[in-house]
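Just so it is clear, the values below take in all heavy atoms, side chains as well, and ignore hydrogens, waters and symmetry mates. Ligands are counted one by one from 1 in listed order, and the atoms in each one are counted from 1 as well.
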Amino acid sequence: MTAKILVSACLLGRPVRYNGSAKPFVHPALARWQAEGRVVSICPELSAGFSVPRPAAEIADGGSGENVLAGHARVLESGGSDVTTLYRTGAEAALALARTENCLFALLIDGSPSCGSSFIHDGSFSGTMRAGAGVTAALLRANGIEVFAPTEIARLEQAIMRKQTD
Ligand code: SF4
């Protein structure tokens, strides 16, 4: 079976980030997967009902995406609004799409409270990062989907090749 990859919409050039920007990721492997019809685009935050632009949000309470899913941390906007439920909704939408499309892998932008897979903001809205995953990345991993950041695309390529020779 052709391995499909769930990819953050902003990495594909869609201007869906909180500030209306995109973060296009240009790489020959990603272009090849797109041409092969393997790429499934998702913006968990738009899927949850957020619009563009929207306030910045971070995982508070020193927490991670795993903590949010366990009910031990909240996602707060810069103005203090609690958007935890919407972030969980976005993560569940991403998981549902991954299952529908048979995505075994995900390529998500790092640093986001949804899509971050190796680092996230620390909750202080000061630009400080710390190790940890966002809510969507954590939920995908908890359900057996391998999540990679753009810096790990070589590892993703190897994982896809291994899957195809299984
Ligand atoms: Fe990009 Fe993910 Fe944030 Fe959407 S939720 S803007 S796809 S990082």
Q: Using non-hydrogen atoms of the residue, decide whether Leu46 is closer than 4.0 angstrom to ligand 1.
A: no
Q: Any side-chain heavy atom of Leu11 within less than 4.5 Å of one from Leu107?
A: yes
Q: With heavy-atom distances below 4.0 Å as the criterion, list the atoms of ligand 1 near Arg17.
A: 6 (S)
Q: Step by step, would you call Arg32 with Glu157 a salt bridge (charged side-chain N to carboxylate O under 4.0 Å, His left out)?
A: CA-CA 11 Å; Arg32 192 173 67 246; Glu157 286 186 271; 3.4 Å; yes
Q: Ignoring hydrogens, what is the shortest heavy-atom contact between Leu76 and Asp82? Give both atom names and the distance.
A: CD2-CA, 3.7 Å
Q: Under 4.0 Å from any heavy atom of Ser112, which atoms of ligand 1 are there?
A: 3 (Fe), 8 (S)
Q: Which residue supplies the protein heavy atom nearest to atom 4 (Fe) of ligand 1, what is that atom called, and how far is it?
A: Cys43 SG, 2.4 Å
Q: In terms of atom number and element, which parts of ligand 1 are under 4.0 angstrom from non-hydrogen atoms of Ser8?
A: 7 (S)
Q: Which value, rounded to the nearest 0.5 Å, describes the distance between Ser112 atom OG and Tyr87 atom OH?
A: 6.5 Å
Q: Check the surroundings of atom CZ in Arg54: do more than 12 heavy atoms from other residues, nucleotides or ligands lie under 6.0 Å from it?
A: yes
Q: Between Thr136 and ligand 1, which residue portion shows a heavy-atom distance shorter than 4.0 Å: side chain, backbone, both, or neither?
A: neither
Q: Closer than 2.8 Å to atom 4 (Fe) of ligand 1: does that hold for any N, O or S atom in Cys115?
A: no
Q: Taking atom types as modelled, find out whether Asn143 and Arg99 have a side-chain donor-acceptor pair closer than 3.5 angstrom.
A: yes
Q: Give the atom numbers and elements of ligand 1 that come within less than 4.0 Å of a heavy atom of Arg54.
A: 6 (S)
